[in-house]
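As structure tokens, the structure follows; a few thoughts come after it.
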There are 2 protein chains.
Amino acid sequence: MSRKSWRSVKEIRIADVARLAGVSTATVSRVLSEPGKVRQKTHDLVMEAVRRSGYIPNSTAQKLRTRRTMNVLVVAPRLTNPVFAEILRGVDDELTQSGYGIIIGNLDNRREREARYVELALSRQVDGVLLLTGYIPENGARDMRESGLPIVAMCAAIDDDKIPNVVVQDREATRQAVEYLAGLGHRRFGYVSGTPTSIIEHERFRGFREGIAAAGFGPDDFVRWEGPFVFSTGVAAAESFLTMRDRPTGIFAACDESAIGFIKRIREERIRVPQDVSVIGFDGIEFSDYTEPTLTTFRQPLHELGRAGADVLMKLIQNDMSPGDWDIRLPLTLLERDTTGPVLHKDYKSLRRSSI
Amino acid sequence: MSRKSWRSVKEIRIADVARLAGVSTATVSRVLSEPGKVRQKTHDLVMEAVRRSGYIPNSTAQKLRTRRTMNVLVVAPRLTNPVFAEILRGVDDELTQSGYGIIIGNLDNRREREARYVELALSRQVDGVLLLTGYIPENGARDMRESGLPIVAMCAAIDDDKIPNVVVQDREATRQAVEYLAGLGHRRFGYVSGTPTSIIEHERFRGFREGIAAAGFGPDDFVRWEGPFVFSTGVAAAESFLTMRDRPTGIFAACDESAIGFIKRIREERIRVPQDVSVIGFDGIEFSDYTEPTLTTFRQPLHELGRAGADVLMKLIQNDMSPGDWDIRLPLTLLERDTTGPVLHKDYKSLRRSSI
DNA sequence: CTGAAAGCGCTAACAC
DNA sequence: GTGTTAGCGCTTTCAG
């Protein structure tokens, strides 16, 4: 059984309003887009006709004529990741203010999906692109730059002098995390990675090694466990950790999810956090405040990041970038909570001594 | 310092391709949209010209001409809520398959924001609307139905005979939750609500009362704590719980977040879960498997729900609905994990006896 | 300050 | 099978 007449509502066109108001379509258009340039009386006449008819301009026709879509494409690796969802909120807030709409390009961690969004850009369905991916999506044949659209990279930097970057200070924060752990007396460290191929992971690991060096340690003083930015990566890291004889006591995880997975798993083996092992996460997702114990982590200014990135894109579209907009790097905040603490047994030697 | 020449890439139009291939624009258009109706040789000629020129049709012009936008609006209460994010994934999967794009309408729990999306529908920027809100968004002056667009309600039902509903069996599952707790020997119950004004909350609470009745109890045998669908609602409920003399032992929370908040807070007071109190959540978010103890909860088939809803909308747009599509109600799955267990002290009396 | 008219780039009748 | 042509609904010169 099929239902008919979805299109039953009669469409009001600008010509209808013009007729109703006794003016030309040009005047109606002017009243709606540049009210100042029309006599008050005409203006009122037209507005009355608009109200009476319930006229709403057909946005597709507007787009075709003005060559502006008032839409922006946001390409994100995975929307169910709270980090991206929160950035999107900031983007949305800023864009809405400027009258722009959002078209979501959710890759859902599958790179095949990006082709679709390249085509979307190429077919001019949007006026600009926000990339949370850390790379330029491509098509097989072409990449997104060929659209000629303004593009802004957020969250993960892209090395292209036409693309402004709006990111957080990953590297600095991660370095600081290690120094924080070292300051608590930790001497052996662990690094739970994020998706190994991602730029973000790369930056964080770089910051980690910088921190290790800055605290006077070397490559032999830490272990690294690899895996994507998910809970199970932390669990897998914990499994490996549990098999070690000379376990690290200061663990940094490149995202909160894996920090939480790690902690959950080792606590099942009656390892105490933070008395036996300190763990520090990254992101500051809401859930990190509801774990046991609550997670020490770096909070990313996600909402602000979203707004800043959208703001830069707006400037790019409107052609009024200033040099200071080209590279924005927002600071993180250390949330000192309950999964980090001073080392009780300073190192392997003293551990042996105390247990004799 | 402003950058110029974003539009430097020269736009190729269908006429360019036609000239290049030595055919008319109509033929180019045909090759691209109905290849069967063109001679093989012409087809190849055109495709070669398309390839050489890198032509991509201007989608705005197509939309204007065909009066189809190939976009769908999805209005969601809050995208950072993992439940909606996951539904959106399902929607995306289905819509992508049909060649449709998604325009996100994220209300971010602020009803003022819906006006924008009503206008978007009214100005025909989309071919259909998916509502995760449980109500029809409005504008002050008009509501979304006046767009005449096909609308499907997902997740929360809307009572309108033009709007198909695609939902989960909230009520049945909640009823089952109570019966499950009763089956474990619980005699006093607690209900941690979700946003009191929402349809979903209403359905779940209704199921809860049905369950209470079915298990042979009455309104005096449970307490209800109100609050939105967030962690802190559970915390607040726990505070109230802690002040009670005659505490319930079987708690149902209308979402996992509040279940988790509740458990966290009472464990801080050394109340044991599930030995002293059993808690059962709702949703089955990923986190619920990483809490301590892991949360017993009902898993919603969110991805499937998203797909099903999008599928119904596609059918509506293409005018081939069958009656069975009008109301879809997907079942939930009980995940029996570690926050529920048998009552140790059956009731207040036996509790007194055993502590003497 | 207002109107007439020319398209924006494409598709779909309708002819041939 | 293919070409010609008339719009889709709007904005924006250009005249007046």
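Naming: A, B, ... by sequence-line order, numbering from 1 per chain.
Using a cut-off of 4.0 Å between Lys/Arg side-chain N and Asp/Glu carboxylate O, B/Glu86 and B/Arg89 are scored as salt-bridged. Salt bridge B/Asp44/B/Arg39: absent, no basic N to carboxylate O contact under 4.0 Å. For B/Glu11 and A/Arg124, the salt-bridge test passes: some basic side-chain N is under 4.0 Å from an acidic carboxylate O.
A/Asp311 is linked by a side-chain contact (heavy atoms from CB on, under 4.5 Å) to A/Glu94, A/Lys315, counting only residues two or more places apart in sequence or in another chain.
Side-chain atoms of A/Ser29 never come within 3.5 Å of backbone atoms of A/Thr25 as a donor-acceptor pair (strictly under, hydrogens ignored).
At whole-Å resolution of the value, CG in A/Leu32 and C1' in C/dT2 are 16 Å apart. For B/Gln125 and D/dC10, the CD to P distance is 13 Å, given to the nearest whole Å. Rounded to whole Å, the distance from NZ on A/Lys37 to C1' on D/dC14 is 14 Å. Separating the CG atom of B/Leu64 from the C1' atom of D/dG7 is a distance of 9 Å, rounded to the nearest angstrom. Put simply, CZ on A/Arg19 is 16 Å from C1' on C/dG3, counting in whole angstrom units.
For A/Thr42, the listed nucleotide lying nearest its side chain is C/dT2; candidates were D/dT2, C/dT2, C/dG3.
Exactly one residue among A/Val74, A/Leu73, A/Val72 makes a side chain to side chain contact (heavy atoms under 4.5 Å, CB included) with A/Val126. That residue is A/Leu73.
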What protein N or O atoms touch nucleotides 10-14 of chain C N or O atoms at under 3.5 angstrom, if any, and at what distances?
residue: C/dC10; atom: OP1; partner: B/Tyr55; partner atom: OH; Å: 2.6
residue: C/dC10; atom: OP1; partner: B/Asn58; partner atom: N; Å: 3.1
residue: C/dC10; atom: OP2; partner: B/Ile14; partner atom: N; Å: 2.5
residue: C/dT11; atom: OP1; partner: B/Gln62; partner atom: NE2; Å: 2.9
residue: C/dT11; atom: OP2; partner: B/Ser29; partner atom: OG; Å: 2.8
residue: C/dT11; atom: O2; partner: B/Arg65; partner atom: NH1; Å: 2.3
residue: C/dA12; atom: O4'; partner: B/Arg65; partner atom: NH2; Å: 3.2
residue: C/dA13; atom: N6; partner: B/Arg30; partner atom: NH2; Å: 3.3

